[in-house]
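Structure record follows, encoded as C-alpha cells.
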Amino acid sequence: MSDLAERTRYVPAEVEPRVFARWLEAGVHRADPEGEGETFSIAIPPPNVTGVLHMGHALNGAVQDTLIRYHRMLGERVKWILGTDHAGIATQTQVERLLASEGSSREALGREAFVARVWEWRETYGGTIVEQLKRLGATCDYDHERFTFDEAYAHAVVEVFVALFEQGYVYRDHYMVNWDPGSRSAISDLEVEEREETDTLYCIDYPLASGSGSLTIATVRPETMLGDTAIAVHPDDERYTRLVGEYAILPLVGRRLKIIADPYVKPDFGTGALKITPAHDPNDFEIGRRHGLEEVSVIGEDGRMTAAAGERWAGMEVMECRAAVVAELREQRLISRQEPYVHDVPCSARSGERIEPLISLQWFMRMDELAAPAIAAVRDGRVRITPEGQQRRYLEWMEGIRPWCVSRQLWWGHQLPVWYRNGETYVGRTPPVGDDWTRDPDVLDTWFSSALWPFATLGWPEPTAELEAFYPTSVLSTARDILFLWVARMVMMGLQFAGDVPFRDVYVHSVIQAPDGRRMSKSLGTGIDPLDLIDGGPRPPVFQTGPHPPGDFPAYGADGVRFGLLAMSSTQDVRFNEDKIAQGTQLANKLYNASRLIITRASGEDIDAALQSPQALPSEVTSSAGPGLRGVPAEPAAVAAEGRPTEAETDVPLEDRWILSRLARAKARVADAIDAYEFHHAALRLYDFVYGDLCDWYLEIVKPRLGTEGGVALRVLRETLAMAHPIIPFVTEELWAHVPGGDGLLATSRWPAQAPEAVDEDAERELGDAIDAIRELRSWRDGMGVRPGAVLPAQLDGHAATAEMIARLGRLRPADGEVVVRLASGIGILASEEVDFEAERRRTDERRATLRAEIQRAQGKLANDRFVARAPAAVVGAERDKLAALERELDGLDG
RNA sequence: GGGCGGUUAGCUCAGCUGGUCAGAGCGCCUGCCUUACAAGCAGGAGGUCCCCGGUUCGAGCCCGGGACUGCCCACCA
C-alpha cells in the first residue's frame with residue numbers, strides 16, 4: 001500500500017501477510033531471559049495438536065496478543081509461551097478413526113507402531129493451528145514452540161509423578177471409576193457430563209428369605225441385579241424397620257441379600273427400598289464400603305458380563321443381558337410394574353457413550369493436601385481470578401476436591417513410570433534393575449501433563465534462565481470450562497514443584513455463542529472458522545441474520561476480527577455479533593483515511609514541529625505510568641475545575657489543546673481498561689476517540705490549515721497509532737511506516753506516555769461549547785429545511801474564539817443586522833430568504849413550551865426544602881445553574 | 001436439589017462507588033457524491049431501564065418478593 005494518496009480504502013489482505021513477515025523477521029516475538037527490567041509472560045493454553053482454530057482460540061488469541069503487545073510497548077521483556085498439547089484421548093480417537101477408514105485398528109498395528117503413527121499424524125496435521133494464530137497477528141514465541149509430549153517435557157512429567165509417589169500423593173487402588181466404554185479407559189469425574197435419557201424403570205419383587213412376602217425395588221438397570229449384595233432401606237422408614245437384619249433372596253441368582261438400614265435411602269422415592277450393587281454404582285459402592293458388603297463385579301471393562309454374573313449371562317453385552325434378565329423376570333412374574341423414566345445419565349465427554357461405573361485397579365492422586373496451599377494462594381490474592389464469580393467457583397471446587405484418577409488405558413500419552421514383578425511395584429525415573437519387570441501399560445491423564453505447563457515449558461526441573469525470568473507467568477487467559485480441569489491443577493502443581501504460583505492473574509474470558517444462543521459447534525452447524533472472517537468465507541445459515549447481505553463473509557481482516565471479538569467480549573457469555581467485527585474493520589479504514597489526510601498534507605514544518613515536540617514520539621518517550629496511577633480523570637469534572645494555564649499554552653490553538661487533552665484521557669482510559677481486563681471498554685474507547693474526537697471534530701476543524709500548521713495533528717496521529725496498536729496491530733503498523741519520523745517497527749516502539757498534564761478543562765469546555773453550538777445549528781437547519789449548501793448570515797457574538805470554526809462547520813457568514821432567530825447557543829440568525837420563518841415560529845413556540853416545562857421542573861425541585869437541605873451542595877448548585885441557563889434561553893427567545 | 005449470572009431502543013450490548021445515565025454499534029427515517037473515507041458525512045425517530053413492594057430529598061443503579069432465561073455444581077434408584 002505504498003500509494004497512500006491513491007487508494008481510498010484500507011485492504012487488509014494486501015497488508016497483513018507483509019506486515020506479519022516484518023514482525024517475524026525482526027523477531028518482535030523473541031524474549032530475552034537475561035535482559036534488564038520487568039518481565040511479562042503468558043503461557044498460551046496449549047491447543048490440541050490436532051486442533052484447528054475456532055472462535056474461542058481467536059478471542060483468547062486477541063486477548064493475549066493485546067496484553068502481550070501492550071506490555072511489550074511498555075518496555076517490558078515479554079514472552080508468550082507457545083505450544084500444543086498431545087491431548088491423549090482426543091488425538092488417539094482421531095487416529096483410530098483414520099485407521100478404521102483404512103480397515104485397520106490400533107490393535108492390528110500394535111502399540112509401538114500405533115504410537116509411531118500418531119507422531120506421523122502430528123507431523124502432518126499438527127502445525128495447523130500455529131499457522132492460524134499467525135494470521136491473527138499473534139506474537140507468540142514461535143522460536144521455542146513446545147509440545148506436552150516432547151522429550152524435555154516428558155522428563156518433567158516423570159519427575160513429577162515419581163516425586164508425588166515418593167511424597168505419598170500418588171497411589172494405586174481398587175476403586176470405583178467412570179469407565180468410558182467408548183475410549184475403553186477410565187476417565188476423571190470432570191470428563192463426565194450428564195445427558196437426559198429416557199429409560200424404563202422396572203419394579204422388581206425380591207422374595208423374602210422368611211418366605212413371607214417380598215420386597216419391591218425399583219431400578220433402571222435390571223442387569224446389575226446380578227451383582228446385588230444387599231437391600232437398603234432408610235433407618236426411620238417404619239414400613240421396613242421390622243425387616244432390617246432379615247434377608248431377601250436375589251431372583252435369578254439365589255444369593256441371600258441382607259436387608260440393611262442406611263440414611264442414604266430416600267423413603268419417599270421409588271419404593272423406599274434400594275437394591276445395592278457395590279461394584280456398579282457409585283452410591284452403592286459407598287454404602288457397600290460402609291457396611292462391609294461384598295463387591296461382585298458382573299460387568300467387565302470390555303462391556304460384557306463377567307463370569308461372576310453367572311454362567312448363563314457371562315459374555316453377554318450389557319444391553320443384551322438386560323433384555324434377557326427382564327424376560328426371565330417377567331416369566332417368573334417378578335416385575336410388578338414398569339414405566340418410561342426420564343432422567344440424567346452420566347456420559348463421557350470424550351466419546352459420548354454412557355459411563356459404566358465399575359471397580360477397577362487404577363492410579364489415583366490424593367488432592368486435598370495439595371489443594372490447601374492452592375486455596376490459600378487465591379484467598380490471599382497471590383493469584384487473582386477475574387471475574388470474581390469464577391474465583392468463587394474455583395474455591396468451592398477446591399474445597400470439595402476428591403481424589404483424581406490419573407491413569408488412562410490408552411496408548412497415546414505419558415506411560416506411567418511404573419513396573420511390576422510378582423507382588424512388587426517399582427516407581428522410578430529410570431527402569432528397574434533386574435529381570436521379569438513388566439511396565440504398567442497405562443498412560444497419564446492428559447491434564448496431568450498440562451498441569452505442569454507454565455514451568456515445564458520453561459525448562460523445569462533444570463534451573464534455567466527462562467524459568468528465572470518468566471516464572472511465575474503474569475497472566476493466564478482462558479475459557480471457564482477448564483478452570484478445574486486445568487487452571488486449578490496448575491496452581492497446585494506450580495506451588496508444589498516450581499515453588500510459586502504459576503501465574504499472578506487468571507482472566508476468564510467469555511464464551512462466544514451462536515446468534516441464537518446455542519453453542520458454537522461445527523457439528524451443529526453453528527461454528528464459524530475465524531479465518532473465514534479474516535479472509536472472507538462461507539457464512540453458515542444461522543449467521544444469515546441482521547442486515548448482512550446473504551452469502552459469504554466479507555474479508556474483514558485480522559484487525560477487524562480482533563477488535564470485534566474484544567468489543568463483544570464481556571464477563572459472561574455473549575452471542576456472536578458480526579456487526580462488532582464490521583465496526584473494527586471500519587475503524588481500521590477510518591484510521592487509514594485519517595492518516596492519509598494528515599500525512600499527505602503534512603509540510604516540512606509540520607514534520608519538524610512534530611519531531612521536536614517532547615511528548616510527540618511514542619518511540620522516544622520513557623515508560624508509562626503504572627496501572628491505576630495515571631492521574632487522568634476519565635471525563636471533564638461536572639463542576640468546572642479551576643483554570644490552570646500552563647507553560648506557553650496561550651500560544652497553542654484551542655483545538656490543539658483540546659485534542660491533546662482528549663488524547664490524554666483516551667490513553668488513560670484505554671490503559672485502565674486493558675489493565676482491568678475490560679477489553680470491550682478498551683476497544684470501544686479507542687473507537688470513540690478516533691471517531692468522536694479525532695475525525696469528527698479535530699480533523700474537520702484543522703483541515704484547512706493542515707498544510708501549514710499540522711504539527712499537532714501529526715503528533716496526535718502518531719500517538720493514536722501507537723495507542724491502537726495492541727488492539728489493531730496490522731493497520732497501525734502499516735501506517736506507521738508512512739508517518740514522518742516513524743522509524744522502525746511500531747510493535748517495538750513505546751506505548752504513548754500518559755500525560756495528565758495535557759488535560760485541559762478550559763479547552764474542553766470552550767471547544768465543547770462550540771461543538772454544541774454547531775450541532776444545534778445543524779439540527780436547526782435540518783429541521784427548518786434550510787438548503788444544505790446555503791451560507792446564512794449570522795451573529796456569533798458569544799463565541800469569539802471559536803467563531804471561525806462555528807461559521808465554517810455550521811455554514812454561517814458573520815454579518816450585522818436584525819436577528820430573527822436566536823438559538824440556545826446564543827447564535828443569532830439574520831433575515832434571509834433561505835429560512836422559512838413560519839416554520840421557525842412554530843419551532844420557537846415548541847421550544848418555549850419545553851423550556852417552560854423544564855423550568856417548572858427545576859423550580860419545583862429547588863423549592864423542595866428536603867432536596868436543598870440534604871442533597872450535596874454541588875448537586876443543588878448544578879440544578880440552580882441549569883435553571884438559570886434555561887431562563888436565559890427563554891429570555892433570548894422572548895426578547 | 002443447591003450456587004451463580006442475565007432481563008436497558010427493532011437487534012447485539014455499555015452503563016464505575018445511587019444525583020445530565022437514559023447510551024453505543026447496527027438497523028430504520030431524512031438530507032448531502034462538502035477534494036481523508038459513500039463500507040462516507042450531517043440530522044432524526046425509537047425505551048413504563050422484566051413485574052410488585054421498600055429505603056432515600058433523589059434508584060437501571062441499594063434492599064425484599066416474584067416472573068422469565070442462561071450457566072455451573074450435585075451419587076435420588
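Letters go in sequence order (proteins before strands), and every chain restarts at 1.
Taking the six-membered ring for Trp and the full ring otherwise, the centers of A:Phe484 and A:Tyr394 sit at least 6.0 Å from each other.
Within 4.0 Å of A:Pro788, counting heavy atoms only, lie sugar-phosphate atoms of the nucleic acid but no base atom. Within the 4.0 angstrom heavy-atom criterion, no nucleotide atom of any strand lies near A:Phe563.
The pair A:Arg539-A:Glu578 counts as a salt bridge, with a side-chain nitrogen and a carboxylate oxygen less than 4.0 angstrom apart.
Both A:Ala555 and A:Lys275 lie near RNA chain B, and the one whose nearest nucleotide falls closer to the 5' end is A:Ala555.
Listed nucleotides B:rA36, B:rC75, B:rC76 differ in distance to A:Tyr264; the shortest reach to its side chain belongs to B:rC75. Side chain of A:Arg392, nearest nucleotide from B:rC37, B:rG5, B:rC71: B:rG5.
The shortest distance between the side-chain N/O atoms of A:His343 and the OP1/OP2 oxygens of B:rC76 is not below 4.0 Å. In this model, the phosphate group of B:rC26 is not approached by any side-chain N or O of A:Gln583 to a distance below 4.0 Å at OP1 or OP2. Close to B:rA36, at under 4.0 Å from its OP1 or OP2, lies a side-chain N or O of A:Lys703. Here A:Arg601 reaches the OP1 or OP2 of B:rA36: one of its side-chain N or O atoms lies under 4.0 Å away.
Glycosidic torsion of B:rG60 falls within 90° of 0, placing the base in syn.
Not one N or O on the side chain of A:Gln390 forms a donor-acceptor pair closer than 3.5 Å with the backbone of A:Pro387. The backbone N or O of A:Lys266 lies less than 3.5 Å from no partner atom in the side chain of A:His234, so there is not a single donor-acceptor pair. Listed for the A:Thr271 side chain is a donor-acceptor partner under 3.5 Å among the backbone atoms of A:Thr216.
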Can you build the contact string for nucleotides 8-14 of chain B? Use B for base contact, S for sugar-phosphate-only contact, and - for no protein heavy atom under 4.0 Å. ----BSS
Contact pattern, 5' to 3', of nucleotides 41-46 of chain B - B, S or - by protein heavy atom under 4.0 Å: SSSS--
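A distance of about 9 Å separates the C1' atoms of B:rA22 and B:rG15, rounded to the whole Å. Comparing B:rG53 with B:rA74, their P atoms sit 41 Å apart, to the nearest whole Å. Rounded to whole Å, the separation between the C1' atoms of B:rA14 and B:rG25 comes to 10 Å. For the C1' atoms, the distance linking B:rG44 with B:rC61 amounts to 29 Å, nearest Å.
Between A:Tyr691 and A:Tyr687, the angle of the ring planes stays under 30°, which puts this pair in the parallel group of the 30/60° scheme.
A:Arg480 meets the side-chain hydrogen bond (donor to acceptor under 3.5 Å, both in side chains) test with A:Asp573; sequence neighbours excluded.
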